[in-house]
Number of protein chains: 2
Amino acid sequence: MGTTARDIARHVGLSVTTVSRALNDHSDVAPATKAKIRAVANQLNYHPNAAARTLKINRANALGLDIPLGLHRSYDTIWLEFIGGMAASCARHGVDLLLSATDDTERTPASFERLVRGRRVDGVVVCDIRSDDSRVNWLLESDIPFVAFGRTVGQDDYCYVDVDGAAGAQEAVQYLIRLGHTRIAYLGLDATFGFSHFRRAGYHEALHSIRAHDPELEFEGLTEETAPAVARSVLSCPNRPTAVLASADFLALAVIRAAREAGLSVPTDLSVIVFDDNPSVQREDPPLTAVSQPNRRLGEEAGELLLDRLNRPEQGPGHRLIAPSLIIRSSTGPRPRNMESEGTTATVA
Amino acid sequence: MGTTARDIARHVGLSVTTVSRALNDHSDVAPATKAKIRAVANQLNYHPNAAARTLKINRANALGLDIPLGLHRSYDTIWLEFIGGMAASCARHGVDLLLSATDDTERTPASFERLVRGRRVDGVVVCDIRSDDSRVNWLLESDIPFVAFGRTVGQDDYCYVDVDGAAGAQEAVQYLIRLGHTRIAYLGLDATFGFSHFRRAGYHEALHSIRAHDPELEFEGLTEETAPAVARSVLSCPNRPTAVLASADFLALAVIRAAREAGLSVPTDLSVIVFDDNPSVQREDPPLTAVSQPNRRLGEEAGELLLDRLNRPEQGPGHRLIAPSLIIRSSTGPRPRNMESEGTTATVA
DNA sequence: TTGTACGCGTTATCAA
DNA sequence: TTGATAACGCGTACAA
């Protein structure tokens, strides 16, 4: 069945030791022997037994990835892209990728323990970190090497990779401000999502800088069910917003639909910016201006960061905060002239 | 660091042999000892070393999944759902899932060899099988246990899981026929995709049964770039179709856009059925009637089939052909009255 | 430059 | 019912 180093040794009339050293490119093997051994290994279609290797060197040469499926956002492109990125960085470093797709709402990290303690993987990447996520401390206490994708609010003593949601929201709002908008609404998702806090913070900061923040225009905890009604009510309030920042594609679509119903056109009467550059927002009519995160790159960074910390644990916790980019399309435009500004309007360029 | 069976043995004052047997629930261990050993194992947070186990029993207890990324269809929900399904069946059987995400267009199965020969996995699931795919024979010859997701045209001596695309197309066309349509166009993708052949065959069969097949209405090899022009030309031909079966969401959307441009409304003037029930088609206005494949279930079946064949190789090649379902929404309706029927119109109920 | 001997943690065989 | 022993395939001191 499988060729072993022993088979090669017999074939070339040398010891397994020499074979092992030749294949691992040690310097104390004669170039000629090395070449010969490699040739035979090739010829016999030799592939080292990973289990034996792992057992011996006490390293699995594999990483684990815990992906949340069965989530309402599972149709987003984000997870597949993230997986692809991490797979790419793993491939680059010659390590395998183990997927643990937990689709139970219970965030049970018991399987991590099995994977790590059982030496199936050397470390794990944990996704969909919530604002307050018990898994972080659990992993820290268990002494399991890990990198989080996303971060908790107010804790910093662990490795994570994340999008700089605050910067993204800020850039989006500042762009709207430059277009003349001051009444800018925010539609957010459940606050337990890690990104909710940061996006909202960026939105706040940008609006506070021109003293235009109005709590009445700020919504969080919206769902597919509640979004349409909220969108309608926002657009029909007396001093309605002239722009909206939506934290998910379905929120933006709900706003656009509500706008159409109210006889408002996008972007003439209402500007819309959406988080996450999904195909759905690209194909919308008009195509939406979006805050885009490089999901694939995030996956790559997560893999790289984990591998780096495994090789050099003394580095301690490190973070990679990646700025999203504002992709300007056709759903944003100047503030409509006929709209009244509120009293506190700032002077803007 | 890691607790071993030896630690447990010392703790309870027994041999490693007994510990091993107790933990593997052998019958020749006294119930009392068994309980005690289990308790200690739990207390010491014991997790068996997978590498050692694999080395000894010559089984990895893991499956490999080769997913095509970097493909133009990577934003489809299909792959993530498939992964989720396979992960679920793996979890159910207590085996791990290794992901090999090849994003090179070269379909290089060399990594399979490493995975299987190196005992990292016991078998692999190979996706995105083309009509004529060299990987199949390569895997057969290499004696690597595998299950294909998708199938080649005209070869049957291997395990595969697939959607019955012919049945899906047939059902869709028959539904249109019942609505009175006879001039039904087909817009297909590249013929190298495995499903192209079968969908087209189903379309043919349904139309031949009422002698209404018109080669002029049949298109294959369409892309995002060519789709809009073809859609326009189809709708503007002298005896235009009253219904369209599109093999991908973007093809259906192109048709709908072309219809709008031509002043035709869906479904009053034109019925549209699309393959694959993606969010994009659900959210379209009007929501599209779609041929839906159970992607998650396909992943589950692939995992189950592979595990089954690994346990009972004597079973030989087995196939699981899963019927898609027609989800009727608002993009299909009766044939417009004012449309002329062609000479060969069949009598339909 | 190459070979010998040993051990990683687990399970199977056999004897007690 | 339990224990001693060997072996899975590989990598590494150490000796030659």
Side-chain angles (χ1 to χ4, degrees), chain A residues 1-38 40-41 44-62 94 96 114-122, chain B residues 1-38 40-41 44-62 94 96 114-122:
Chain A
M1 212 36 190
T3 315
T4 74
R6 200 189 162 110
D7 298 328
I8 301 178
R10 267 199 286 264
H11 235 254
V12 296
L14 290 169
S15 73
V16 264
T17 310
T18 308
V19 170
S20 170
R21 279 186 300 219
L23 294 175
N24 288 329
D25 205 23
H26 285 213
S27 55
D28 57 356
V29 180
T33 0
K34 224 182 234 179
K36 177 155 200 175
I37 287 174
R38 283 195 180 139
V40 174
L44 295 184
N45 197 15
Y46 171 76
H47 295 267
N49 185 311
R53 188 168 226 273
T54 296
L55 184 58
K56 184 64 193 165
I57 69 179
N58 210 25
R59 277 195 35 167
N61 273 314
D96 291 321
R114 185 181 63 82
L115 290 175
V116 177
R117 304 260 182 264
R119 290 268 158 229
R120 295 208 88 115
V121 301
D122 300 313
Chain B
M1 211 37 188
T3 313
T4 74
R6 201 191 161 109
D7 298 328
I8 301 177
R10 266 199 289 262
H11 235 255
V12 295
L14 291 169
S15 72
V16 265
T17 309
T18 308
V19 170
S20 171
R21 279 189 299 223
L23 295 175
N24 288 328
D25 205 24
H26 285 213
S27 56
D28 57 355
V29 180
T33 4
K34 226 181 233 183
K36 177 156 200 180
I37 288 175
R38 284 197 180 138
V40 174
L44 295 184
N45 196 16
Y46 171 76
H47 295 266
N49 185 311
R53 187 168 228 272
T54 296
L55 183 58
K56 184 62 192 163
I57 70 178
N58 210 26
R59 278 195 34 169
N61 272 315
D96 291 320
R114 185 181 62 82
L115 291 174
V116 176
R117 305 260 181 264
R119 290 270 158 227
R120 295 209 89 116
V121 301
D122 301 313

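Labels below follow one simple rule: chain letters A, B, ... track the order of the sequence lines, proteins then strands, and each chain is numbered from 1.
For the segment residues 46-53 of chain B, the set of residues with a heavy atom within less than 4.0 Å of an atom of DNA chain C comprises B:Tyr46, B:Pro48, B:Asn49, B:Ala52, B:Arg53, in numerical order.
Note on B:Arg120 versus B:Asp96: no salt bridge recorded, every NZ/NE/NH1/NH2 to OD/OE distance being 4.0 Å or above.
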Every protein N/O within reach of nucleotides 12-16 of chain D N/O, cut-off under 3.5 Å:
{"from": "D:dT12", "atom 1": "O4", "to": "A:Thr17", "atom 2": "OG1", "distance (Å)": "3.3"}

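For the pair B:Lys34/B:Asp25, a side-chain contact is recorded, criterion being any heavy-atom separation below 4.5 Å from C-beta on.
Rounded to a whole Å, the CZ atom of A:Arg6 is 11 Å from the C1' atom of D:dA7. Whole-Å rounding puts the B:Asp28 CG to C:dA12 P distance at 11 Å. Look at NZ on B:Lys34: it is 10 Å from P on D:dT1, rounded to the nearest Å. Atom-to-atom, CZ of B:Arg120 to P of D:dC10 comes out at 13 Å; the value is rounded to the nearest Å. Between the CG atom of A:Asn58 and the C1' atom of C:dT10 there is a distance of 14 Å, rounded to whole Å. Following rounding to the nearest Å, A:Ile37 (CD1) and C:dT1 (C1') show an atom-to-atom distance of 11 Å. Distance CZ (A:Arg59) to C1' (D:dG11): 14 Å, rounded to an integer number of Å. Going from atom CG of B:Asp25 over to atom P of D:dT1 covers 13 Å, rounded to whole Å.
Here the CG atom belonging to B:Asn49 is positioned 7.5 Å from the CG atom belonging to A:Asn58, to the nearest 0.5 angstrom. If you take CZ on A:Arg38 and OG1 on A:Thr33, they are separated by 10.5 Å, rounding to the nearest 0.5 Å. Separation of atoms CG (B:Asp7) and CZ (B:Arg10) is listed at 5.5 Å; rounding is to 0.5 Å. The structure places CZ of A:Arg59 at 6.0 Å from CD1 of A:Ile57, a figure rounded to the nearest 0.5 Å.
No side-chain donor-acceptor contact under 3.5 Å links B:Thr54 to the backbone of A:Ala51.
At a threshold of 4.0 angstrom between heavy atoms, the contacts of B:Thr33 are confined to the sugar-phosphate backbone, with no base atom among them.
Look at B:Thr18 and you'll find a side-chain N or O under 4.0 angstrom from OP1 or OP2 of D:dG3.
The environment of NE2 in B:His47 is crowded: more than 12 heavy-atom neighbours from other residues, nucleotides or ligands sit within 6.0 Å.
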Next item on the list: Take B:Leu23 and B:Ile37, measure what side-chain contact (heavy atoms from CB on, under 4.5 Å) needs, and give me the verdict at the end.
Entry: CA-CA 8 Å; B:Leu23 295 175; B:Ile37 288 175; 4.1 Å; yes
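The 5' end of DNA chain D is approached more closely, in terms of each residue's nearest nucleotide, by B:Leu14 than by the other of B:Leu14 and B:Leu55.
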